[in-house]
Protein chains: 2
Amino acid sequence: MELTERKKKVLRSVVDLYIRTAEPVGSKAITALPDMKYSSATIRNEMADLTTMGYLEQPHTSAGRIPSAAGYRLYVDELMAEYRLSIDETRSINTAIEEKMQKVDKLVEKVARMVSQATDLPAISMASRAANATVKRFELILAGSGSFILVVMLSNDEVVNKLIKLPLTVTDEDLKLLSALLNATMTELPLEEFTAGLMDRVMRSAGKASSLVPVIVEFTTDTLRHSGSANMVVTGQSRLLGLPEYRDVDKAQKVLSGLDEDALSNLPAVMQNTNGTKVLVGPENVSAELKDTSVVMTKFDIGDGMQGMIGVVGPTRMDYAKVTARLSYFAESLSKMFGKPETPQLPEPVAEEETPKEA
Amino acid sequence: MELTERKKKVLRSVVDLYIRTAEPVGSKAITALPDMKYSSATIRNEMADLTTMGYLEQPHTSAGRIPSAAGYRLYVDELMAEYRLSIDETRSINTAIEEKMQKVDKLVEKVARMVSQATDLPAISMASRAANATVKRFELILAGSGSFILVVMLSNDEVVNKLIKLPLTVTDEDLKLLSALLNATMTELPLEEFTAGLMDRVMRSAGKASSLVPVIVEFTTDTLRHSGSANMVVTGQSRLLGLPEYRDVDKAQKVLSGLDEDALSNLPAVMQNTNGTKVLVGPENVSAELKDTSVVMTKFDIGDGMQGMIGVVGPTRMDYAKVTARLSYFAESLSKMFGKPETPQLPEPVAEEETPKEA
DNA sequence: TTTAGCACTCCATATCCTTGAGTGCTAAGC
DNA sequence: GCTTAGCACTCAAGGATATGGAGTGCTAAA
């Protein structure tokens, strides 16, 4: 059967209405739309066709139609009108970002909160470090007799540290020597080369401080191993319960448990080869628990070779146009903010942080 | 009216039963209990008394009784039988801790997940840094021309760092000088002394690197300001929905939104002067959203002057005995693990807290 | 002081009915 | 040919009514 222009128009109307009302859409409701010049009977025929073509579904004989997954897919890909953010919306997103981004180290969490608030849906936010990092530099800082701080700088400019306490006394001198040794032997190495053999060699050269080596090596390999893994936050789950489709507690629980589990761990894989915004409709989704929901995700650039992803989870009938618009705008603003450190037009040192407010 | 032993026994039975069934408890159900030697009429009289005394409530005339907040309070404080953890339970908690604790920096999150799983309720986990910290030491590490890493060591042995990129070239020499200056002038100072005047003086002495000072100072004050603030994670919200009292979506939403908001920010204050485990029943609770739920919280020691708190949120009829037992055991195990400096394979003398030992 | 008995209350559940929105189909109109 | 008015039919949602049963309070007897 041919998917005529009129059929598309009807389909779009059905989806639009269903997104607004969450109720099955009848032929009469379509007729009432401003630029629908046909009678309800004609619409009924078109809707019957769309149903046999698989774009619409009927909960029961005497109900209106609701879009099927395929219907949403078509809608998202071709039919939906682009949503233009109002100036108000862009402004409120911008000020939100400015206000909240004082402390960058909570980036992931903050972004999740903001996105959740902006869309009134649960939001996912994650940042993944660049994979396959190597160590660029070790620093050992004395912190008192018997304890020191290990600082490991990675090739992706990430820095991790750890306070290590040992039952032996170390001097500043010991640490200087040891860090020189570490920097000479264990930098620029991929994870695979951190073998027992390497550790042995280093320990043998380390002399007095050799007992520190295992702790350091363990922490380092651990860091390298987990570099590249994602750091994910989900917030705003309770917003789901405000939606009519989740008045059914069982449904709600299924979805929520799909959200706070590590069930989302393959999201990064799904987004691997995508640029920009991706919409996963219902069954296309990452996990079984989410098969009755949709996920809209988009990437952004955090700089330093790191990537961020933000997304929201909602019912399949969510307002894709609005959500994708807001999400993209978020991603764009964040990319602008973090992606390019090389745009210092302020004499003010531009770190990842902003505006010293001390007068 | 006198609260006789028999009344207490009845009250305990009512609470026990209600915890199990989530249904109002009638006089007959009490009679059916193994060591109840009285008839239902007698029990009825006792229950009527307990109702007028405010320990029980009646949803409607012809229903059984449910405990009031005061009833739960009494139950928790005096009546409940101590729950003894089985060997299985202690073992599974221990292995969970061992497995998951590889990476300490995700402590808070991991703990929340484990506790939530162990109790089948939403869990809260937080770690608060010691308040009123001062800076013990600054370190500046070159990370490439135009960028360096600022490491700030606090008096509570916490270490924070930040990668700073600047549009000017800094040499290793510059950084050495600057860090000496910082360590000479800005360590051991409480937050209040970080004034504009101080910054001016430092900048004037800093010479070539003076433009770095504002960024450093800002980051430092920010760190000090947020030191003492808590780092909180809530997980397992969806577990609530499995409970009969939250089949009502509106109730569920209220509670959930009370959980993922910052509504919990005054929990630390509530726990301030408590040691061990605290039970907040219903209206005693931290926020209005949680007034129909109970919170069980307990502290543990992370070492380095930092404190952790774990807790769960559940319906007022939750199994207090079981929950508090598991929570305490968790807290104890974690204290053992972190409370003392990290001494590889040295058995340590630990914790003087009371020990629910395995049977 | 305890208990058996009884009348009473009120919720929960099931059943039945009505209502109305929506459909598919047919036949007439353009 | 396409479109539309009309009609019979279906089915879920909501309201009203009846019924069963769990539980109570009270009284009087043991």
Side-chain angles (χ1 to χ4, degrees), chain A residues 1-11 13-15 17-18 20-33 35-68 71 244-245 247-248 251, chain B residues 1-11 13-15 17-18 20-33 35-68 71 244-245 247-249:
Chain A
M1 200 177 313
E2 183 80 35
L3 188 61
T4 64
E5 273 313 306
R6 195 171 69 184
K7 281 192 173 52
K8 285 186 185 174
K9 193 171 170 186
V10 171
L11 177 55
S13 305
V14 172
V15 178
L17 272 177
Y18 187 64
R20 276 230 310 279
T21 63
E23 308 256 293
V25 179
S27 53
K28 219 157 145 195
I30 302 287
T31 330
L33 256 37
D35 63 341
M36 267 299 165
K37 294 284 180 213
Y38 300 98
S39 77
S40 66
T42 309
I43 303 298
R44 270 204 292 287
N45 287 330
E46 294 290 50
M47 283 166 83
D49 288 353
L50 285 167
T51 306
T52 61
M53 292 165 83
Y55 294 118
L56 293 179
E57 282 170 359
Q58 218 171 355
H60 57 86
T61 13
S62 72
R65 304 302 212 287
I66 62 176
S68 69
E245 29 270 283
R247 307 299 298 181
D248 178 353
K251 259 191 192 168
Chain B
M1 197 177 313
E2 184 78 36
L3 190 60
T4 65
E5 272 312 308
R6 195 171 68 183
K7 281 191 174 50
K8 284 186 186 174
K9 193 171 170 185
V10 172
L11 178 55
S13 305
V14 173
V15 179
L17 272 178
Y18 187 63
R20 276 230 310 279
T21 63
E23 307 255 295
V25 179
S27 53
K28 219 158 143 193
I30 302 289
T31 330
L33 256 37
D35 63 342
M36 269 297 166
K37 294 281 177 219
Y38 301 97
S39 77
S40 66
T42 310
I43 303 296
R44 269 204 293 285
N45 288 330
E46 295 290 50
M47 282 166 83
D49 288 352
L50 285 167
T51 306
T52 61
M53 293 165 83
Y55 294 117
L56 293 179
E57 281 170 0
Q58 216 172 0
H60 56 85
T61 16
S62 71
R65 305 300 213 287
I66 62 177
S68 69
E245 29 270 283
R247 307 298 298 181
D248 177 355
V249 181

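Only heavy atoms go into these numbers, but all of them, side chains included; no hydrogens, no water, no symmetry mates. Here is how names work: the chains are called A, B, and so on, in the same order as the sequence lines, proteins then strands, and each is numbered from 1.
Legend: residues meeting side chain to side chain donor-acceptor pair (under 3.5 Å) with Thr51(B), ordered by chain and number and at least two apart, are Arg65(B). Under the rule for a side chain to side chain donor-acceptor pair (under 3.5 Å), the partners of Glu245(B) that lie at least two apart in sequence or sit in another chain are Arg317(B).
Residue Arg6(A) holds its CZ atom at 10.0 Å from NZ of Lys9(A), rounded to the nearest 0.5 Å.
Residues Ser13(A) and Leu33(A) share a closest heavy-atom pair of CB-CD2, 3.5 Å.
Sorted by residue number, the members of residues 51-66 of chain A with any non-hydrogen atom under 4.0 Å from DNA chain D read His60(A), Thr61(A), Ser62(A).
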At a cut-off of 3.5 Å, list every protein nitrogen or oxygen paired with a nitrogen or oxygen from nucleotides 1-6 of chain C, distance to 0.1 Å.
unit_1: dT2(C); atom_1: OP1; unit_2: Arg6(B); atom_2: NH1; d: 3.0
unit_1: dT2(C); atom_1: OP2; unit_2: Arg6(B); atom_2: NH2; d: 3.4
unit_1: dT3(C); atom_1: OP2; unit_2: Ser39(B); atom_2: N; d: 3.1
unit_1: dT3(C); atom_1: OP2; unit_2: Thr42(B); atom_2: OG1; d: 2.7
unit_1: dG5(C); atom_1: O6; unit_2: Arg44(B); atom_2: NH2; d: 3.2

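Residues in residues 20-29 of chain A take part in no salt bridge (Lys or Arg N to Asp or Glu O under 4.0 Å) pair, two or more places apart or across chains. Residue pairs meeting the salt bridge (Lys or Arg N to Asp or Glu O under 4.0 Å) criterion with at least one member in residues 48-64 of chain A, sequence neighbours excluded, are Lys7(A)-Asp49(A).
As a whole-Å value, the separation of Glu23(B) CD from dC10(C) P is 20 Å. One interatomic measurement links the two molecules: CD of Glu46(A) to C1' of dT23(C), which rounds to 16 Å at whole-angstrom precision. Atom P of nucleotide dT23(C) and atom NZ of Lys28(A) are separated by 11 Å, given to the nearest angstrom.
Here the side chains of Leu56(A) and Leu11(A) are in contact, with some heavy-atom distance below 4.5 Å. In this structure, the side chains of Val10(A) and Tyr38(A) stay at 4.5 Å or more apart for every pair of heavy atoms.
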